[in-house]
Amino acid sequence: MKNFVEGFLKVTDLFESPTSYFKCAAYTALATVMRDNLWSSLGALRHVYSNLYVLLVGDSAATRKSIPLKAVVRLIRPLRVTKLIEGRASIQGVLNELGKTEQIEGRII
């Protein structure tokens with residue numbers, strides 16, 4: 001895991017976005033690919049799966065927020081393991097998209 005994050009930071013070193021954004025994007029990529037293969041056990045609950053919602057906050061355009069997330073989306077989208085919502089969206093649009101399901105190769109996305 002650490003090697004992926006370090007490699008991702010090395011590859012993206014030339015971009016203007018803050019390193020913390022790229023680090024967050026790398027951890028997001030790992031969590032996304034892991035899907036339901038990673039869980040916590042809490043008392044009587046056998047498996048507790050976490051949901052991950054990522055939002056980078058910063059001044060418009062000044063901090064170059066989109067570059068780290070676009071890099072991760074280009075890595076994850078071809079895997080077709082999860083639903084990705086990117087760009088500007090209303091809360092209604094996001095909720096509508098999250099409410100839809102599709103099956104890809106026998107897996108529910």
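Values below: every heavy atom of this structure, side chains too, minus hydrogens, waters and symmetry copies.
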Peer 1: Mind checking side chain to side chain donor-acceptor pair (under 3.5 Å) for Glu102 and listing every partner two or more places apart, or none if nothing turns up?
Peer 2: none

Peer 1: Any idea which heavy atoms bring Leu75 and Leu79 closest together, and the distance?
Peer 2: O-CG, 3.9 Å

Peer 1: So, Lys83 side chain and Glu97 main chain: donor-acceptor pair closer than 3.5 Å or not?
Peer 2: yes

Peer 1: Can you measure from OH (Tyr21) to OG1 (Thr28) and round to the nearest 0.5 angstrom?
Peer 2: 13.0 Å

Peer 1: Would you give the length of the straight line joining atom CG of Leu9 to atom OG1 of Thr19, rounded to the nearest 0.5 angstrom?
Peer 2: 6.5 Å

Peer 1: Verify, without hydrogens or angle tests, whether Asn37 (side chain) and Met34 (backbone) share a donor-acceptor contact under 3.5 angstrom.
Peer 2: yes

Peer 1: Within the structure provided, determine whether Leu30 and Val5 are in side-chain contact (heavy-atom separation under 4.5 Å).
Peer 2: yes

Peer 1: Do Leu98 and Ile85 pass the side chain to side chain contact (heavy atoms under 4.5 Å, CB included) test, and can you show the C-alpha distance, the side-chain angles, and the key distance before you say yes or no?
Peer 2: CA-CA 9 Å; Leu98 289 174; Ile85 302 170; 4.0 Å; yes

Peer 1: Quick one: CG on Asn96 to CD1 on Ile91, what's the gap to the nearest 0.5 Å?
Peer 2: 11.5 Å

Peer 1: Mind listing the closest non-hydrogen atom pair of Val72 and Ala25 along with its distance?
Peer 2: CG2-O, 3.2 Å

Peer 1: How would you list, by chain and number, every residue that makes a side chain to side chain donor-acceptor pair (under 3.5 Å) with Arg64, sequence neighbours excluded?
Peer 2: Glu16

Peer 1: So, taking the atom named CG in Leu95 and the one named NZ in Lys100, what distance separates them when rounded to the nearest 0.5 Å?
Peer 2: 12.0 Å

Peer 1: What I'd like to find out is whether the side chain of Ile67 reaches to under 4.5 Å of the side chain of Phe22, using heavy atoms alone.
Peer 2: yes

Peer 1: Between SG of Cys24 and NZ of Lys65, what distance do you get to the nearest 0.5 Å?
Peer 2: 13.0 Å

Peer 1: Tell me whether Phe4 is reachable from Phe15 by hopping between hydrophobic residues (I, L, V, M, F, W, Y) whose side-chain heavy atoms are closer than 4.5 Å.
Peer 2: yes

Peer 1: Please report the shortest heavy-atom distance between Phe8 and Ala71, naming the atom on each side.
Peer 2: CZ-CB, 4.0 Å

Peer 1: If you take all heavy atoms of Val81 and Val33, which pair is closest and at what distance?
Peer 2: CG2-CA, 4.4 Å

